[in-house]
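Report on the structure given below.
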Amino acid sequence: MKAKILFVCLGNICRSPSAEAVFKMKLIDHGLDAEVEVDSAGTSSYHEREPADSRMKSHAIKRGYELTSISRQIFPSDFDYYDLIIAMDDNNYHNLIGMAKNPSQKNKIALMTEFSENHEGNIPDPYHGGSQGFETVLDILEDSSEGLITEIKESYF
Ligand code: 4NP
């Protein structure tokens with residue numbers, strides 16, 4: 001059975017669509033793309049049905065990541081469907097913990113930088129800042145995704 005991973009941020013237009021694209025590329029690099037299903041969502045519905053932020057897209061494509069996802073708010077059913085629900089920052093994390101209905105759902109929730117050896121805490125929200133913020137998002141995601149690959153190889157396969 002496929003492992004299923006959902007990345008979550010606030011708007012689902014900057015960080016989590018990037019997490020989805022970066023991690024999918026890592027899965028291809030490791031020959032695991034057929035074994036893992038990946039999606040992303042927002043805790044809010046602010047940008048429901050919008051494509052990813054154009055600034056985030058242009059920074060991502062320079063590193064070879066095409067952001068194709070369309071924003072959606074997280075569904076209650078996601079907490080049963082996915083094996084791992086990965087928050088981009090502490091706010092997202094605490095909102096997700098608040099939405100989870102039981103210990104099994106809560107246990108699926110993690111913070112993205114838990115998988116990084118070089119970064120801890122939040123992936124800062126780049127939406128209201130300058131272009132360096134988008135590069136920082138990609139740097140932290142690339143690093144954390146490598147650790148996440150190691151983690152799922154140990155836990156799922
Ligand atoms: P994201 O970034 O959570 O990484 O998609 C944001 C997008 C939109 C807003 C905040 C953060 N907003 O306030 O609309």
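In what follows, residues are counted from 1 in the order of the sequence shown. Start at 1 and go down the list; that is how both ligands and their atoms are numbered.
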Decide, yes or no, whether a salt bridge links K57 with E66 under the criterion of side-chain N to carboxylate O below 4.0 Å.
no

Which residue and non-hydrogen atom of the protein lie closest to atom 9 (C) of ligand 1, and at what distance in Å?
Y127 CD2, 3.6 Å

Tell me whether E48 is salt-bridged to R72, with the criterion being a basic N under 4.0 Å from an acidic carboxylate O.
no

Below the 3.5 angstrom mark, is there an N/O of C14, backbone or side chain, next to an N/O of ligand 1?
yes

Closest contact, heavy atoms only, I85 versus D78
CD1-O, 3.8 Å

Pairs of nitrogen or oxygen atoms closer than 3.5 Å, one from Y46 and one from ligand 1: do any exist?
no

Which heavy atom of the protein is the closest neighbour of atom 13 (O) of ligand 1, given with residue, atom name and distance?
H128 NE2, 3.9 Å

Does ligand 1 have a heavy atom under 4.0 Å from the side chain of I13, from its backbone, from both, or from neither?
both

Quick check on the hydrophobic clustering: are L96 and M88 connected, directly or via other members, by side-chain heavy-atom contacts under 4.5 Å?
no

I'd like to know if L10 and L138 are part of one continuous hydrophobic network [Ile/Leu/Val/Met/Phe/Trp/Tyr, side-chain heavy atoms within less than 4.5 Å].
no

For atom 1 (P) of ligand 1, what is the nearest protein heavy atom, given as residue, atom name and distance?
C9 SG, 3.5 Å

Just let me know how H47 lines up against ligand 1, side chain, backbone, both or neither, with a heavy-atom cut-off below 4.0 Å.
side chain

Show the atoms of ligand 1 that are less than 4.0 angstrom away from any heavy atom in G11.
1 (P), 3 (O), 5 (O)

Do R55 and Y127 meet the cation-pi criteria used here (NZ or CZ under 6.0 Å from the six-membered ring centre, within 45° of the axis)?
yes

By number and element, which atoms of ligand 1 are closer than 4.0 Å to a non-hydrogen atom of D125?
2 (O), 6 (C), 10 (C), 11 (C)

Counting only heavy atoms, tell me which of N12, V137, L10 gets closest to atom 10 (C) of ligand 1.
L10

ILVMFWY network linking M112 to F23, side-chain heavy atoms under 4.5 angstrom
yes

